[in-house]
2 protein chains.
Amino acid sequence: MKMDDRKQKVLLAIVHDYIATAEPVGSRTIAKKFRLGVSPATIRNEMADLEEQGYIEQPHTSAGRVPSEQGYRYYVDYLMKKHDLSAEEEDLIRSEFDIKVKDIGQVIQKTGQLLSQLTHYTAMVLTPSIGSSRFKHIQLVSMNPTQAMVVVVMDNGTLHHRLIDIPESISADDMETISRILNAKLRGLTNENIKLTLVKEIYFELARHKHILDLAMELLEDSLTMKSEDKIYLGGVFNMLNQPEFHNVEKVKTLLSILEQEKLLYGLMTGEEQEVGVTVRIGGEIKNKEIKECSMVTAAYSVAGRKMGSMGVLGPTRMEYAKVISIVDFMTKNLSQALERMMKGTGK
Amino acid sequence: MKMDDRKQKVLLAIVHDYIATAEPVGSRTIAKKFRLGVSPATIRNEMADLEEQGYIEQPHTSAGRVPSEQGYRYYVDYLMKKHDLSAEEEDLIRSEFDIKVKDIGQVIQKTGQLLSQLTHYTAMVLTPSIGSSRFKHIQLVSMNPTQAMVVVVMDNGTLHHRLIDIPESISADDMETISRILNAKLRGLTNENIKLTLVKEIYFELARHKHILDLAMELLEDSLTMKSEDKIYLGGVFNMLNQPEFHNVEKVKTLLSILEQEKLLYGLMTGEEQEVGVTVRIGGEIKNKEIKECSMVTAAYSVAGRKMGSMGVLGPTRMEYAKVISIVDFMTKNLSQALERMMKGTGK
DNA sequence: TTTTAGCACTCAGCAGGTTAGAGTGCTAAC
DNA sequence: GTTAGCACTCTAACCTGCTGAGTGCTAAAA
């Protein structure tokens with residue numbers, strides 16, 4: 001859909017001004033602020049055309065124009081110029097990821113805080129999960145006469161644990177033995193790599209502990225396929241309340257009720273087949289019906305080409321797309337690198 | 001401060017009606033709804049007295065009266081009748097805790113959800129932490145040539161972990177040895193029990209691994225003294241938005257900004273020396289200046305007399321104190337029992 | 001002395017009406 | 001194709017008066 005050059009300029013002006021002011025944009029404003037070299041009347045004509053084509057709309061008869069979802073989409077796809085982060089912003093992000101990683105959970109949390117702080121919207125970060133991570137270590141720990149804890153450590157630095165019931169007849173030494181054998185057989189394997197023959201072998205060796213083995217293998221299976229619920233870090237929800245579109249309490253309520261449902265959020269983050277790079281979803285392009293007048297900018301972070309998790313920003317459709325896209329892009333890259341360093345163990 | 005019997009009845013009527021309707025209560029309303037056997041005029045006189053003594057106040061000249069913080073305090077201390085939970089509520093709570101505990105984190109989260117669901121206010125639950133828990137197991141897991149993960153399991157079912165740098169010279173076998181020795185020497189000890197002599201002994205045996213030992217002992221120390229940040233589970237924030245006092249967006253904003261600061265919340269939950277049983281803090285009795293017109297009802301849960309953590313409800317001062325107190329009380333008791341069962345391993 | 005009825009007074013909130021200003025669409029001239 | 005001018009529309013802000021809830025005071029009743 002080719003568009004007249006001047007029309008593009010008008011649309012761009014409307015989008016920019018509306019993003020900046022949250023007020024419907026009039027023809028006079030455009031003529032004054034954006035110096036297109038034509039009079040308001042001409043701009044009015046262009047605007048009438050743009051409205052007919054669905055790129056902008058009018059809240060009411062005597063108001064200015066506001067970009068439609070289609071308008072934002074056109075802006076993001078064709079008009080938007082790359083936004084360069086300020087040196088301070090880049091430094092802030094770099095220094096954030098330049099620390100020694102002690103605990104992945106903490107890094108994720110910090111990432112979320114920083115993301116919301118820089119964008120002034122709500123940030124969502126998914127913990128490392130998807131993808132085939134490798135099994136590092138399993139340990140059975142006796143907790144009391146009838147229970148033990150199974151701890152599984154994965155190579156991406158995540159931990160999984162579960163309490164299981166055990167027969168009283170099992171001794172601490174037995175558990176040590178089980179742990180040792182499981183480790184010896186399975187270390188370094190991904191889910192796909194665990195061959196049936198291998199499992200049979202283990203069951204054979206540990207026949208008398210079948211019951212425990214069942215429970216341990218179950219957790220292991222969950223850890224490897226990452227069924228275990230992934231955590232989502234949410235930050236800067238109250239940033240959204242500073243946006244004029246959320247001065248209405250009803251809207252705040254629906255927003256909050258959505259953000260409290262982790263599963264729903266999880267669906268939002270993983271729902272779309274995420275291509276490489278940054279994905280922008282505008283308004284109705286977000287599948288969820290309850291989320292209205294919002295856009296999401298998401299991207300995946302990865303290690304050695306393996307997708308680990310994703311982060312994203314939720315804001316009003318009137319979002320500073322260019323800036324947010326740059327930030328999300330830069331942060332995923334830095335997070336990926338930091339995790340890469342952590343997993344490879346290359347230096348600080 | 002002894003109070004006239006009829007004054008008490010009037011105060012009670014005002015508190016009850018205001019809690020129910022959120023509207024200032026007038027003399028006529030009291031006379032009609034609460035049948036004290038006297039006319040509105042008499043009640044007006046009593047109300048004038050109550051206002052003079054500071055138990056109630058008037059939003060503006062021609063409005064009814066509203067309980068003051070002092071009024072709520074008097075209500076909670078002297079007037080409130082015990083609220084019995086409905087059979088359904090009790091069943092709901094019991095069935096919640098009657099499951100087999102697989103993971104403490106999950107139980108905490110569910111507890112928070114249920115608490116907010118039953119009270120319709122915001123629930124806060126602190127993970128098990130304070131108190132001297134015992135060390136169960138430590139494990140060093142090699143992650144890559146230069147890093148290892150230290151995993152510590154505590155007897156209250158919590159896990160702590162941290163990535164540490166290691167010299168390349170250390171082999172996986174070395175780490176296994178270190179783990180084994182640490183476990184043998186330290187299992188079952190609390191922080192106070194770890195004697196200096198014992199530590200020296202360990203350092204002597206593992207002299208050549210001093211560096212790793214330092215890092216491992218650091219995590220251990222943190223785990224035992226529970227310095228590591230405790231998690232707070234928050235639930236039902238959006239419940240608060242249904243309260244008429246939060247129809248003002250500004251108030252919602254300050255509330256949310258507070259709830260996003262975990263440290264602040266942590267201070268709120270642990271700040272007061274929590275006595276046994278349920279604590280009620282009304283309005284200004286909450287230390288935080290930013291929290292206005294809110295009350296908190298908190299209680300600790302414990303295992304075998306050892307305080308483990310606490311849970312609480314944050315709501316407007318116009319809170320259904322009697323009901324909330326009963327719920328918090330009942331839930332802490334049930335949670336304590338569930339954890340007790342888990343740690344003792346006595347059946348499901 | 002306590003309670004009550006009656007009455008004048010106060011004030012928030014709402015409905016209705018008016019105005020100001022922003023912005024449009026159309027028309028006719030450039 | 002562009003622009004100035006103008007009539008028109010609609011919202012938001014402001015004023016105004018009214019209503020109703022609720023009070024405090026006074027004087028009479030119990």
Side-chain angles (χ1 to χ4, degrees), chain A residues 3-11 13-18 20-68 71 244-245 247-249, chain B residues 3-11 13-18 20-68 71 244-245 247-249:
Chain A
M3 200 192 281
D4 185 346
D5 187 57
R6 193 171 59 194
K7 276 200 183 46
Q8 290 196 349
K9 279 190 181 138
V10 172
L11 178 55
I14 293 175
V15 171
H16 274 164
D17 199 70
Y18 187 63
T21 65
E23 296 290 329
V25 191
S27 53
R28 234 176 77 89
T29 316
I30 296 180
K32 244 194 311 184
K33 279 201 206 166
F34 295 85
R35 324 210 130 276
L36 300 191
V38 290
S39 78
T42 311
I43 293 175
R44 279 206 286 282
N45 288 330
E46 299 287 22
M47 284 162 93
D49 290 354
L50 281 170
E51 183 165 9
E52 204 170 321
Q53 293 167 57
Y55 293 105
I56 57 180
E57 42 202 32
Q58 227 174 346
H60 57 83
T61 331
S62 76
R65 301 308 210 293
V66 162
S68 65
E245 25 272 279
H247 272 13
N248 176 340
V249 180
Chain B
M3 200 191 280
D4 187 346
D5 188 55
R6 193 171 60 193
K7 275 197 183 47
Q8 291 196 348
K9 278 188 182 142
V10 173
L11 179 55
I14 293 174
V15 171
H16 274 165
D17 200 70
Y18 188 63
T21 65
E23 297 289 331
V25 191
S27 53
R28 234 175 76 89
T29 315
I30 296 180
K32 242 195 310 187
K33 277 201 206 165
F34 295 84
R35 324 208 131 278
L36 300 190
V38 290
S39 78
T42 311
I43 292 176
R44 278 206 288 282
N45 288 330
E46 299 286 22
M47 283 162 93
D49 290 353
L50 281 170
E51 183 165 9
E52 204 170 318
Q53 292 168 55
Y55 293 105
I56 56 181
E57 41 202 33
Q58 226 174 346
H60 57 83
T61 330
S62 75
R65 301 306 212 292
V66 162
S68 66
E245 26 271 280
H247 271 14
N248 176 340
V249 180

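These figures come from a predicted structure and were not determined experimentally. Keep in mind that the numbers below use all heavy atoms, side chains included, and drop hydrogens, waters and symmetry copies.
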Report task. Tell me which of B:Pro40 and A:Gly26 sits closer to the 5' end of DNA chain C, going by the nucleotide each one is nearest to. Result ->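 Nearer the 5' end of the strand: B:Pro40.
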
Report summary line: Judged by nearest nucleotide, the residue sitting upstream toward the 5' end of DNA chain D, B:Ala63 or B:Ala41, is B:Ala63

For the pair made of [atom1] in [X] and [atom2] in [N], what is the distance, rounded to whole Å?
X	N	atom1	atom2	answer
A:Asp17	C:dA22	CG	P	15 Å
A:Met47	C:dG23	CE	C1'	9 Å
A:Glu23	C:dT24	CD	C1'	17 Å
B:Ile43	C:dT4	CD1	P	9 Å
A:Asp49	C:dG25	CG	P	10 Å
B:Lys33	D:dA21	NZ	C1'	14 Å
B:Lys32	D:dG22	NZ	P	9 Å
A:Arg28	D:dC6	CZ	P	16 Å

**Report entry** B:Leu50 CG to B:Ile56 CD1 distance, which is reported to the nearest 0.5 Å
**Finding:**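 B:Leu50 atom CG to B:Ile56 atom CD1 measures 4.5 Å (nearest 0.5 Å).
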
Requested in this report: Calculate, to the nearest 0.5 Å, the distance between atoms NE2 and CG belonging to A:His247 and B:Asn248 respectively.
Outcome: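 Nearest 0.5 Å value for the NE2-CG distance: 10.0 Å.
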
Using a 3.5 Å cut-off and no angle test, enumerate the donor-acceptor pairs between side-chain atoms of residues 28-43 of chain B and protein atoms at least two apart in sequence or in another chain.
residue: B:Lys33; atom: NZ; partner: B:Asp17; partner atom: OD1; Å: 2.7
residue: B:Ser39; atom: OG; partner: B:Ala41; partner atom: N; Å: 3.3
residue: B:Ser39; atom: OG; partner: B:Thr42; partner atom: OG1; Å: 3.4

Any idea which heavy atoms bring [X] and [Y] closest together, and the distance?
X	Y	value
B:Ala22	B:Pro244	CB-CG, 3.6 Å
B:Tyr18	B:Pro67	CD2-CD, 3.5 Å
B:Pro59	B:Ala63	CD-CB, 4.2 Å

Sort me out a list of protein N/O and nucleotides 1-3 of chain C N/O pairs below 3.5 Å, or just none if empty.
residue: C:dT3; atom: OP1; partner: B:Arg6; partner atom: NH1; Å: 2.9
residue: C:dT3; atom: OP2; partner: B:Arg6; partner atom: NH2; Å: 3.0

Query raised in the report: Out of C:dG23, D:dT3, D:dG24, which nucleotide sits closest to the side chain of A:Thr29?
Result: C:dG23

**Report entry** Non-neighbouring partners of B:Gln58 that pass side-chain hydrogen bond (donor to acceptor under 3.5 Å, both in side chains), sequence neighbours left out
**Finding:**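 Checked B:Gln58 against side-chain hydrogen bond (donor to acceptor under 3.5 Å, both in side chains); zero matches.
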
Query - B:Glu57: side-chain hydrogen bond (donor to acceptor under 3.5 Å, both in side chains) partners, not counting sequence neighbours - result: none

Contacts under 3.5 Å, N or O only, protein and nucleotides 8-13 of chain C:
residue: C:dC11; atom: OP1; partner: B:Thr61; partner atom: OG1; Å: 3.4
residue: C:dC11; atom: O2; partner: B:Ser62; partner atom: OG; Å: 3.2

Requested in this report: Determine which pairs satisfy salt bridge (Lys or Arg N to Asp or Glu O under 4.0 Å) with at least one residue from residues 58-68 of chain B, sequence neighbours left out, and list them in order.
Outcome: B:Glu51-B:Arg65

Query - Polar pair under 3.5 Å, donor/acceptor by atom type, side chain B:Arg44, base D:dG24 - result: yes

Query raised in the report: Within less than 4.0 Å of OP1 or OP2 of D:dG24, is there a side-chain N or O belonging to B:Arg65?
Result: yes

